[in-house]
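Take a look at the structure set out below.
Numbers restart at 1 for each chain; the letters A, B, ... are given by sequence-line order, proteins then strands.
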Amino acid sequence: MSYRIASWNVNSVKARLSHLQTFLSKTIPDVLFLQEIKGETLPEISVEYHAVYKGQKTYNGVAILSRIPVSPILQNLPGDDLDEQARYLEVEWQNIRLINIYLPNGNPVETEKFNYKINWLNRFIKRLDELRGARIPFLIGGDFNIIPEDKDCYDPEIWKKDALYHPEIVKKFRSILNLGLTDAFRVFNSAPETYTFWDYQAGAWPRNRGVRIDHFLTSPTITDRLINCTIDKTPRGWDTPSDHTPIIVEISE
DNA sequence: ATGGTTGGAAGCCAA
């Protein structure tokens, strides 16, 4: 037996309610991470799922839907009491800490937004190091807004000037991996041009000019349990889609 | 080389 956990930046739950319901009934994941719910509260999505969320008016917002109840542990990333952006949700599920993140975009580079992304990453690394030190198994999923390497985007030279692939940001991503974590998708698929996000503009989707920025990272004992990790491109092709498509990870029970 | 699109909000900002 195995569990399947999915993650999807829906770019507004309200605007994507029917897509969400279609995805849930087709895929039936045990857990679904949502990012950019774009509301203070979460509307009823499915009676089959329990929901915990951290919402915010207009921007951001993260939610976890689960077929079994989960216990909220943290609804904010520690380390900055003044940070009011809803981007972090940590829950206990089946003796695993599930961490849903909507990492800051960071554009434009050389602005306060870029600094916020760097600071957020530093706080995040600190939190993960705490969990590691406490020997707590964890699985991180979400919209990282980080391109790990050249083959995860259509034109590396262009993207290096963007906060999604800025060398300073990529270095932080490597620091996260160096805590002993694994990019679950790359365990099963080494193909380039496999993306999770395509801009609404300039025909990015039909031309497959995308980026792989949505990820699942696993701590060592969860890495040992990995069965598969796939990107489901179908929802990106639906009418009035989110600009992101879901990623799904499967682990043994 | 530039601009193109979408969602949420009621201005434009964020992506």
Are a donor atom and an acceptor atom from the side chains of T196(A) and D214(A) found within less than 3.5 Å of each other?
yes
R212(A) and salt bridge (charged side-chain N to carboxylate O under 4.0 Å, His left out): which partner among D143(A), D150(A), D183(A)?
D183(A)
Rounded to the nearest angstrom, tell me the gap between atom CG in L103(A) and atom C1' in dA14(B).
15 Å
Of the listed dG7(B), dA15(B), dG4(B), the closest approach to the N11(A) side chain comes from dG7(B)
In sequence, state the C-alpha distance, the side-chain angles, and the governing distance for D83(A) and Y116(A), and then conclude on side chain to side chain donor-acceptor pair (under 3.5 Å).
CA-CA 10 Å; D83(A) 183 4; Y116(A) 176 67; 2.9 Å; yes
Can you tell which of dG7(B), dA9(B), dA14(B) lies closest to the side chain of K57(A)?
dA9(B)
Phosphate OP1/OP2 of dT6(B) contacted by R16(A) side-chain N/O (<4.0 Å)
no
Quick note, S12(A) side chain, CB onward, closest among dG8(B), dT6(B), dA15(B) is dG8(B)
Using a 4.0 Å heavy-atom cut-off, does Y102(A) contact any base of the nucleic acid, only the sugar-phosphate backbone, or nothing at all?
sugar-phosphate
Looking at dT5(B), dA15(B), dA14(B), which one has an atom nearest to any side-chain atom of E36(A)?
dA15(B)
Could you tell me how far dG3(B) sits from dG7(B) if I compare only their P atoms? Round to whole Å.
23 Å
Is a donor from one side chain sitting under 3.5 angstrom from an acceptor on the other, for S46(A) and Q21(A)?
no
What distance, rounded to whole Å, do you find between the two C1' atoms, one in dG4(B) and one in dA10(B)?
23 Å
Mind calculating the distance between CG (N60(A)) and C1' (dA9(B)) to the nearest angstrom?
15 Å
Provide, to the nearest angstrom, the distance between the CD atom belonging to Q56(A) and the C1' atom belonging to dG7(B).
14 Å
Between CD1 of I146(A) and P of dA15(B) the distance, given in whole Å, is 14 Å
Assuming nearest nucleotide by heavy-atom distance, tell me which of D199(A) and I37(A) is located more 5' along DNA chain B.
D199(A)
Atom-pair distance (OH on Y200(A); C1' on dT5(B)), nearest Å:
8 Å
Which residue lies more 5' along DNA chain B, comparing A15(A) with D243(A) via nearest heavy atoms:
A15(A)
Take atom P in dA9(B) and the same atom in dA15(B), then report the distance between them in whole Å.
15 Å
Rounding to a whole Å, what distance do you find between N9(A):CG and dG7(B):C1'?
12 Å
H19(A) NE2 to dG7(B) C1': how many Å, rounded?
13 Å
What is the separation between atom CD on Q201(A) and atom C1' on dT6(B), rounded to the nearest whole Å?
9 Å
Check step by step if ring-ring contact (aromatic ring centres under 6.0 Å, His included) holds for W8(A) and F33(A).
CA-CA 6 Å; W8(A) 192 11; F33(A) 293 6; over 10 Å; no
Please work out if R87(A) contacts a base, only the sugar-phosphate, or nothing of the nucleic acid, heavy-atom cut-off 4.0 Å.
sugar-phosphate
